[in-house]
Amino acid sequence: MKKTVLITGASSGFGKASVKLFQNQGWNVIAAMRSPEKEEELKNIENLLLVKLDVTDSSSIKNAVEQGIEKFKTIDVLINSAGYGLMGVFESSDESQIQKQFEVNVFGLMNMIKVVLPAMRKQKSGVIINISSFGGVTAGPFASLYNSSKFAVEGFSEALHFELSSFGISVKIVEPGSVATNFRNGMEMIQNTIEDYNTELAAFIPKFTKRTEHLAKATTEEVAETIFEAATDNQSKLRYPIGDDAKFYIDLKNKNSEEDFLRLMHE
């Protein structure tokens, strides 16, 4: 019997690459996105259901999950790939930007899991994969809102890893580094309104880029392959970093004292 995967954020980036990979591997795929009517590449593909889903809309989540179960009878794997990035000076951010960052990256992810869990508990099996980032382990300047949302995903996922294990449900985290996806290109920048930050803000991107310019960055397809590995390896493993730059920053924090980590990040 074919297994079924539900993938959010399926219109681009890691989500779309994962849809293609799982479908090619013979899975039933529920490809969830905000505007399925605009999707041309994925329509009319065998064993693939396009569903309308906005992770900030509870009724949208419920309807998408119900459609998927109605068609394929089960959901074996949930991949929370939908995400939103907000960068810039925290002091210049407004309440709506802060709210949106957490509505998409944290509360939307939580609501997806809550709606899928009854089916997984009933079948006593399932895998939940949450897409985080090396920025869910380490934090840097001008990424406070994005980092804090991904830190929340990491802590939530780790707790659920233990909470759901007795039901045969695995929770896993994929932690990509810098990848050229629409997510990165479409990352929203907070308009800085405070002159005191200008010098450090201008120096940040060159400094960040130089630190890892010699390290290999994962492709979107390699991230999808890591997601597929997490879904199918049957390992009691929580975190899957992908990309040499991601591993560099994670090791920088985990393999150094806090004093050394902070010094190295300031350099």
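- A single hydrophobic cluster is seen to contain both Leu6 and Leu117, as judged by linkage of ILVMFWY side chains at heavy-atom distances under 4.5 Å, directly or through other members.
- A 4.5 Å side-chain heavy-atom check between Phe14 and Thr220 finds at least one atom pair inside the cut-off.
- Within a 6.0 Å sphere centred on CZ of Phe90, other residues, nucleotides and ligands contribute 12 heavy atoms or fewer.
- For the atom pair OG of Ser170 and CE of Met120, the computed distance is 9.5 Å after rounding to the nearest 0.5 Å.
- No side-chain donor-acceptor contact under 3.5 Å links Asp245 and Thr212.
- Taking 4.0 Å as the cut-off between side-chain N and carboxylate O, Glu39 and Lys16 count as a salt-bridged pair.
- A salt bridge does not link Glu175 with Lys150: none of the charged nitrogens is closer than 4.0 Å to a carboxylate oxygen.
- Looking at Ile131 and Val223, their side chains never come closer than 4.5 Å, going by heavy atoms from C-beta outward.
- No donor-acceptor pair under 3.5 Å is formed between the side chain of Asn192 and the backbone N or O of Ser92.
- For the pair Ile250/Arg239, no side-chain contact is recorded, criterion being any heavy-atom separation below 4.5 Å from C-beta on.
- Counting only heavy atoms from C-beta outward, the side chains of Leu109 and Val55 never approach each other to under 4.5 Å.
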Show your working on side-chain contact (heavy atoms from CB on, under 4.5 Å) between Val29 and Leu42 and close with a plain yes or no. CA-CA 11 Å; Val29 179; Leu42 300 178; over 6 Å; no
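- Evaluation of the ring-ring contact (aromatic ring centres under 6.0 Å, His included) rule for Phe22 yields Trp27, Phe228 as partners, not counting sequence neighbours.
- Under a hydrophobic-cluster definition in which Ile, Leu, Val, Met, Phe, Trp and Tyr are linked whenever side-chain heavy atoms come within less than 4.5 Å, directly or via other members, Ile194 and Phe204 are assigned to the same cluster.
- For the atom pair Leu160 CG and Ser165 OG, the distance stands at 10.5 Å (nearest 0.5 Å).
- Residues Tyr84 and Gln101 come closest through the heavy atom pair O-NE2, 2.6 Å.
- Between the Asn105 side chain and the Gly83 main chain, no donor and acceptor come within less than 3.5 Å of each other.
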Does Asn80 form a side-chain contact (heavy atoms from CB on, under 4.5 Å) with Val153? I'd like the steps, not just the answer. CA-CA 11 Å; Asn80 283 307; Val153 168; over 6 Å; no
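- Placement of Val179 and Val19 within a single hydrophobic cluster is found when ILVMFWY residues are connected by side-chain heavy-atom separations under 4.5 Å, directly or transitively.
- Here the shortest heavy-atom pairing between Leu238 and Ser157 reads CD1-O, 4.2 Å.
- Residues Phe142 and Ile205 fail the side-chain proximity criterion, which asks for heavy atoms closer than 4.5 Å.
- In this structure a side-chain-to-backbone donor-acceptor pair under 3.5 Å is present from Gln23 to Glu46.
- Partners of Thr8 by side-chain hydrogen bond (donor to acceptor under 3.5 Å, both in side chains), not counting sequence neighbours: none found.
- Scanning all heavy atoms of the two residues, the minimum distance from Ile7 to Ser81 falls at CG2-CB, 4.5 Å.
- Separating the OG atom in Ser166 from the NZ atom in Lys124 is a distance of 8.5 Å, to the nearest 0.5 Å.
- If you take NZ on Lys62 and NZ on Lys114, they are separated by 14.5 Å, rounding to the nearest 0.5 Å.
- We find that Lys20 and Glu41 are joined by a salt bridge, their nearest charged nitrogen and carboxylate oxygen being less than 4.0 Å apart.
- With a 6.0 Å radius and a threshold of 12 heavy atoms from other residues, nucleotides or ligands, Glu37 has its CD atom above the threshold.
- Residues in residues 147-172 take part in no ring pair (Phe, Tyr, Trp, His ring centres under 6.0 Å) pair, two or more places apart or across chains.
- Around atom CD of Gln25, more than 12 heavy atoms belonging to other residues, nucleotides or ligands sit under 6.0 Å away.
- Looking at Tyr197 and Glu91, their side chains do bring a donor and an acceptor atom within 3.5 Å of each other.
- Summarising the local packing, NZ of Lys237 is surrounded by more than 12 heavy atoms from other residues, nucleotides or ligands at distances under 6.0 Å.
- The aromatic rings of Tyr249 and Phe134 lie parallel to each other, with less than 30° between the two planes, well short of the 60° mark.
- Within the 3.5 Å criterion, the main-chain N or O of Gly168 finds no donor-acceptor partner in the side chain of Ser125.
- Summarising the geometry of Leu78 relative to Met112, their closest heavy-atom pair is CD1-CE, 3.9 Å, with the distance given to 0.1 Å.
- Here the closest heavy-atom approach between residue Ala119 and residue Ile69 is recorded as CB-CD1, 3.9 Å.
- Here the shortest heavy-atom pairing between Ser132 and Ile173 reads CB-CG2, 3.4 Å.
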Start with the C-alpha distance between Glu259 and Arg263, add both sets of side-chain angles, then the distance that settles salt bridge (charged side-chain N to carboxylate O under 4.0 Å, His left out), and finish with yes or no. CA-CA 6 Å; Glu259 182 180 14; Arg263 175 180 55 79; over 6 Å; no
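- When side chains are defined from C-beta on, Lys3 does not count as touching Val77, because their heavy atoms never get closer than 4.5 Å.
- For the side-chain hydrogen bond (donor to acceptor under 3.5 Å, both in side chains) with Thr74, the lone residue among Lys122, Lys2, Gln123 that qualifies is Gln123.
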Set out, in order, the CA-CA distance, both residues' side-chain angles and the distance that settles side-chain contact (heavy atoms from CB on, under 4.5 Å) for Leu264 and Asn256, then state yes or no. CA-CA 10 Å; Leu264 290 166; Asn256 287 289; 4.0 Å; yes
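- A donor-acceptor contact shorter than 3.5 Å is absent between the side chain of Lys207 and the backbone of Glu200.
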Give the intermediate values and the outcome of side-chain contact (heavy atoms from CB on, under 4.5 Å) for residues Ile75 and Ile30. CA-CA 9 Å; Ile75 294 174; Ile30 306 163; 4.0 Å; yes
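- Thr56 and Glu103 share no donor-acceptor pair across their side chains, judged by distance under 3.5 Å alone.
- Counting only heavy atoms from C-beta outward, the side chains of Tyr240 and Val174 approach each other to under 4.5 Å.
- Between Ile98 atom CD1 and Ser93 atom OG the span is 3.5 Å, to the nearest 0.5 Å.
- Under a hydrophobic clustering in which Ile, Leu, Val, Met, Phe, Trp and Tyr are joined whenever their side-chain heavy atoms come within less than 4.5 Å, directly or via other members, Met33 and Leu48 fall into the same cluster.
- In this structure, Met265 and Arg211 have side chains that are in contact, with non-hydrogen atoms separated by less than 4.5 Å.
- Summarising the geometry, atom CD belonging to Gln67 is positioned 11.0 Å from atom NZ belonging to Lys71; distances are rounded to the nearest 0.5 Å.
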